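Counting convention: from 1, in listed order, for ligands and their atoms alike. None of the values given here were measured: they were computed from a predicted structure.
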Amino acid sequence: NPVGEFTFVLHGAGGDLAKRKIIPALAQLASVGYFSPGARLIFAQREALSPAQALAEVDAFLARTGNDAARATLPALAPLLSTCSVRLGEATAKAALDAAIAQGPHPVVHYAALPSSRFKDLIACLPEERSAQRLRLVLEKPLGFNARESADIEAAAAAKFNEDQIFRIDHYLGKQAVQNLLALRLGNRIFEPLLTREHVASVQITVAEDLGVEDRAGFYEHAGALRDMVQSHMLQLLAIVAMEPPVSLEANSLRDEKLKVLRSLKVPQVLSTPEIITGQYADGYVKGQPVPGYLNEPGVQAHSCTETYVAFRTEVQTWRWAGVPFLLRTGKRMPRRFAEIVIQFRDVPKPLYEPVGGHWSGNQLVIHLQPDDKLELKLLAKTPGERLRLKPVSLDLDFFNTWRIPVRDAYERLITDILRGRLSLFLRRDEVQTQWEFVDRILSDLKQHGLGPVPYTSGTYGPSAATAMALRTGALWSEDG
Ligand code: BG6
């Protein structure tokens, strides 16, 4: 069903994120008739461009990045589109914005696809408005660069809007696979009783990327993997895996449960037997191609100490999970792009069969998030023949092959939820704050002890110290994706 009328102001429309993700998602929705004829889309950016020029710029960007599918849908935006030049932080900004929005339908959605250093300038231009039917504000991650900055931005937003008007993005929550994970846990009887300290030996979460820093050094140099990936995506995945079943799927019920997990995380120790390892990619080969190390990337400081990899062990200190190691890792320039969650179950109390290969690999539930969206249950089965020997086999469920419907991009899903006023897939202020406090504490411990990132060869799964760290908990990182 097409969504009713609205005015959607995309701030930072000329930026990388807007061109790469948000505008293609809007164009795709427009091309399938998701927007009613009264809907208005405004690209707000510093430069004064006509709608045709702005679309031509996006088209050139998509051509450069090889996204032909998105190029084909771009013309669908033309009937809705107007543009406006807004110089945030300057005295003219508010009037320029007011003029562009005047007489547009409500709600007005202000989507801040901007560096968070610009969020307060944007909020300063907006009217105080306490109704989500009138105004919605969308904030991209990272929301600030630490807990203090984030709290500052939040205070500015709270002075003008209510919590239910603020949509804090973590695009991982828009991924179909992450919603499948929720459904797996909350829609089925068979897994939930097993997800406890009695049955689970460890939980592993990996988000590996083959890309390097690309042309984002200006941002990444100040961020690093802890702020860029752990603070948001990784901790959200952890919260969804570990939370108690909520009372309902309503936004605040879900967020209450995620928050309890985030508040009960153990901060990894950095000294003696370290529970956290950071790394930085050096020259190497990815998919057979030579790639430069991080220090040789354009825009990176000669002696940069920014981490492009992090692996750590934490615990969810609740009755359900106390003592179970949660191992998380993310890195750039890994051999390939994949994200998965591995739940390793404990061994049977008394093995009666002879294991093939001499050791027990036990049961695993593997939730593949990307590139494939599938579920794998690893079991032990008897090999044919006389001997009573067991070998690992897998039950596989590939969601794409099951439904045969193309998966919608995360941003499309999130934009539709913003327009329909659904908050479940967005973060609440206290979640973001708690995530920042966890990451700030790790960063300050690392800094206090002068611990910088260890180099790792591009095209590998990170420093060997991370393998040793996992082994100390009795786990092996899963490398096969
Ligand atoms: C973004 C990070 O939030 O997520 C990027 O800023 C990262 O550094 C990206 O590459 C990964 O997203 P996805 O959807 O490609 O896994």
Side-chain angles (χ1 to χ4, degrees), residues 12 15-22 24-25 28 65-67 70 111-117 138-145 150 167-181 205-238 240 278-281 286 291 294 297 299-300 304 306-310 328-341 367-373 407-415 425-427 431-432 435-436 439 453 458 462 481:
D16 189 84
L17 177 67
K19 289 177 177 157
R20 193 180 295 273
K21 296 283 193 186
I22 304 166
Q28 171 63 23
T65 51
N67 192 347
Y111 192 123
L114 299 164
S116 61
S117 54
V138 186
L139 299 176
E140 268 290 345
K141 67 152 273 282
L143 215 163
F145 271 80
S150 168
F167 294 73
R168 298 175 191 84
I169 297 240
D170 178 319
H171 78 276
Y172 268 52
L173 297 192
K175 289 183 191 262
Q176 176 88 19
V178 175
Q179 289 148 39
N180 281 341
L181 168 60
I205 304 179
T206 300
V207 178
E209 297 185 86
D210 53 354
L211 292 179
V213 67
E214 305 292 286
D215 47 10
R216 296 166 71 219
F219 157 76
Y220 201 82
E221 273 284 87
H222 302 288
L226 274 157
R227 292 188 176 94
D228 184 38
M229 295 296 286
V230 173
Q231 188 274 333
S232 52
H233 308 322
M234 304 292 289
L235 292 184
Q236 280 293 310
L237 290 177
L238 189 162
I240 291 173
T278 59
Q280 188 184 71
Y281 63 82
V286 174
V291 293
Y294 182 71
E297 298 275 21
V300 169
S304 169
T306 300
E307 77 286 352
T308 62
Y309 172 97
V310 57
L328 281 75
R329 92 188 141 150
T330 182
K332 294 203 182 280
R333 288 288 189 227
M334 313 261 98
R336 58 192 196 85
R337 172 177 184 254
F338 75 94
E340 65 176 25
I341 299 170
I367 301 143
H368 298 267
L369 302 171
Q370 60 192 26
D372 302 320
D373 180 3
V407 175
R408 278 206 291 170
D409 179 75
Y411 274 92
E412 280 173 52
R413 171 63 204 260
L414 295 177
I415 290 169
L425 300 182
F426 300 86
L427 311 194
E431 285 180 89
V432 177
Q435 291 175 175
W436 271 125
V439 164
S458 287

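Side-chain contact check for Thr306 and Glu221: at least one donor-acceptor pair (N or O, by modelled atom type) lies under 3.5 Å.
Contact atoms of ligand 1 toward Gln370: 13 (P), 16 (O) (distance under 4.0 Å to a heavy atom of the residue). Near His233, the atoms of ligand 1 lying under 4.0 angstrom from a non-hydrogen atom of the residue are 1 (C), 3 (O), 4 (O). Counting atoms of ligand 1 from 1 in the listed order, those under 4.0 Å from a heavy atom of Lys175 are 13 (P), 14 (O), 16 (O). With ligand atoms numbered from 1 in the order given, ligand 1 contributes 2 (C), 5 (C), 6 (O), 8 (O) to contacts under 4.0 Å with heavy atoms of Asp228.
Here His171 and Tyr411 bring their ring centres to under 6.0 angstrom of each other.
Nearest protein neighbour of atom 10 (O) of ligand 1, counting heavy atoms only, is Glu209 OE1, 2.5 Å. Scanning the protein for heavy atoms near atom 16 (O) of ligand 1, the closest one is Tyr172 OH, 2.4 Å.
Test Glu209, Glu307, Glu297, Glu214 against Lys332 for salt bridge (charged side-chain N to carboxylate O under 4.0 Å, His left out) and you get one pass: Glu209.
Here Tyr220 has no heavy atoms under 4.0 Å from ligand 1, in either its backbone or its side chain.
Considering both main-chain and side-chain atoms, Lys21 never comes within under 3.5 Å of ligand 1 through any nitrogen or oxygen pair.
Taking the side chain as every heavy atom from C-beta outward, Phe426 and Glu431 never approach each other to under 4.5 Å.
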Checklist entry - For Asp228 and Lys141, what are the C-alpha separation, side-chain angles and deciding distance, and is it a salt bridge (charged side-chain N to carboxylate O under 4.0 Å, His left out)? => result CA-CA 8 Å; Asp228 184 38; Lys141 67 152 273 282; 3.2 Å; yes
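Among Lys141, His171, Arg337, the residue whose heavy atom lies closest to atom 12 (O) of ligand 1 is His171.
From Gln236, atom CD reaches atom CD of Gln231 across 9.0 Å, with rounding to the nearest 0.5 Å.
Side-chain N or O atoms of Arg227 include one that pairs as donor or acceptor with a backbone N or O of His222 at under 3.5 Å.
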